[in-house]
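Here's the structure we're looking at; comments come further down.
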Amino acid sequence: MSQRGATHGQTDTERAGNRDMATDSRKSSVPALEVERVTKRFGSGEDGVLAVDGVSLTVESGSVVGLLGPNGAGKTTFIKCALGIVVPDGGSVRLFGTDVTEGRRAAYADVDAMLEGARNDYWRLTVRENLRYFATIHGVDPDSVAGRHDRLLKRFDLAERADTPVRELSRGMKQKVSLASVLAGGADLVFLDEPTLGLDIESSRTLRQELRRLAREEGLTILVSSHDMAVIEDICDRVVMMANGEVVADDTVAALLSGAETDTVRVESTDIDGGVVGTLRERFEVGRVESRDGRTRVEVAAAGDRLYDLMETLRAADVTVEDIRIVQPELEEVFVDLTGAGGGQR
């Protein structure tokens, strides 16, 4: 907040500018999101479900945090609690230092969200009209951010359809309109639930580039959940994994990958045939086996001294190894190990 003495003799525009600068400075000095021991149960007794069990999470301003969880992990309920859509049974939520129970309107003034399964735009309005509308409801004069809207339309390949009603667009283009609308008002914190759903490969790449740019150049804070591990690995500073309503991991992508076991070796040779693979299966844990152009590639669990045993076994079978390398773990494998998820995640 600007002091009265500092504004003496200034125009209204200058005073407003000072207030905006002071507000930006305050926001950058406090976390964008602070959730402490939030709990939410649906139902009671034996039929009750503890969807979120004392979850705490801090998201620093200007960071991009990924949220992963298998079906039923409580991820969507947690997001809705943070957004005030679902009232938690216990715990607290603060947005840029403001407790949501003390001033909901002020707390959520600079927050926006795109939720999976929700119609995030008005389909009777055109693409540009949606951007202007969502800027307006955030208290922003749409004319003052027309340049921002033009950039969003261009970056998401929507410029040629700017005056087309959203209902006439394909599913993928509607998804891009939803994303552009969330970003249209200049919110400081955005929640994105499955933002690449329905997008083709090129559109997904464009989205990742734009989110990285907004975080880097404009200080946008993003909490994103996605089934697409490439999105999480590509744009997130941190990854939070949930299972059974609790946080089971919270670290950088690099740290999560470095902590995973790397005992799998990939061996490739034209000398590997069915008999050799059979011998390997008798002595080792064998994973993927692929044959192409006369060469066979086998993945074998062989950490430490077991690697020497593997090489001795291959030499005894008259196999000349043409390529050998350690198989680096992928985020999806880490996710499955930590959450026990056997399939997709939501």
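These numbers come from a predicted model, not from an experiment.
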* **Over 12 non-hydrogen atoms of neighbours within 6.0 angstrom of CD in E217** => yes
* If you measure from the Lys or Arg side-chain nitrogens to the Asp or Glu carboxylate oxygens, is any gap between R283 and E312 under 4.0 Å? -> no
* Basic-acidic side-chain contact under 4.0 Å: D234, R212 -> yes
* Look up atom CD in E322 and atom CZ in R295, then write down how far apart they are to the nearest 0.5 Å. => 4.5 Å
* **Salt bridge E210-R213, side-chain N to carboxylate O under 4.0 Å** => yes
* Would you mind checking if D323 and R325 are paired as a salt bridge, meaning a charged N to carboxylate O distance below 4.0 Å? => yes
* Test item: T39 side-chain N/O and D89 main-chain N/O as donor-acceptor pair under 3.5 Å -> no
* Asked: More than 12 heavy atoms of other residues, nucleotides or ligands under 6.0 Å from CD1 of I137: is that the case?
  -> yes
* Asked: Should D163 and T126 be marked as a side-chain hydrogen bond (donor to acceptor under 3.5 Å, both in side chains) after you check the CA-CA gap, both sets of side-chain angles, and the distance that decides it?
  -> CA-CA 5 Å; D163 299 317; T126 67; 4.9 Å; no
* To do: Following the transitive rule for hydrophobic clusters with a side-chain heavy-atom cut-off under 4.5 Å over Ile, Leu, Val, Met, Phe, Trp and Tyr, establish whether L220 and V140 coincide in one cluster.
  => no
* To do: Using a strict 4.0 Å threshold on nitrogen-to-oxygen distance, state whether D250 and R238 make a salt bridge.
  => yes
* Asked: If two hydrophobic side chains count as joined below 4.5 Å and joins carry through other members, does L50 share a cluster with V86?
  -> no
* Apply salt bridge (Lys or Arg N to Asp or Glu O under 4.0 Å) to D143 and R132, showing your working. => CA-CA 8 Å; D143 291 333; R132 291 178 62 84; 3.1 Å; yes
* **Cation over ring face, K40 and F42, 6.0 Å, 45°** => yes
* To do: Indicate if I85 and L33 have the same hydrophobic cluster label, given that clusters are the connected sets of ILVMFWY residues with side-chain heavy-atom separations under 4.5 angstrom.
  => yes
* Go through the steps to decide whether D157 and K176 satisfy the test side chain to side chain contact (heavy atoms under 4.5 Å, CB included), and finish with yes or no. => CA-CA 9 Å; D157 294 324; K176 289 194 285 187; 4.0 Å; yes
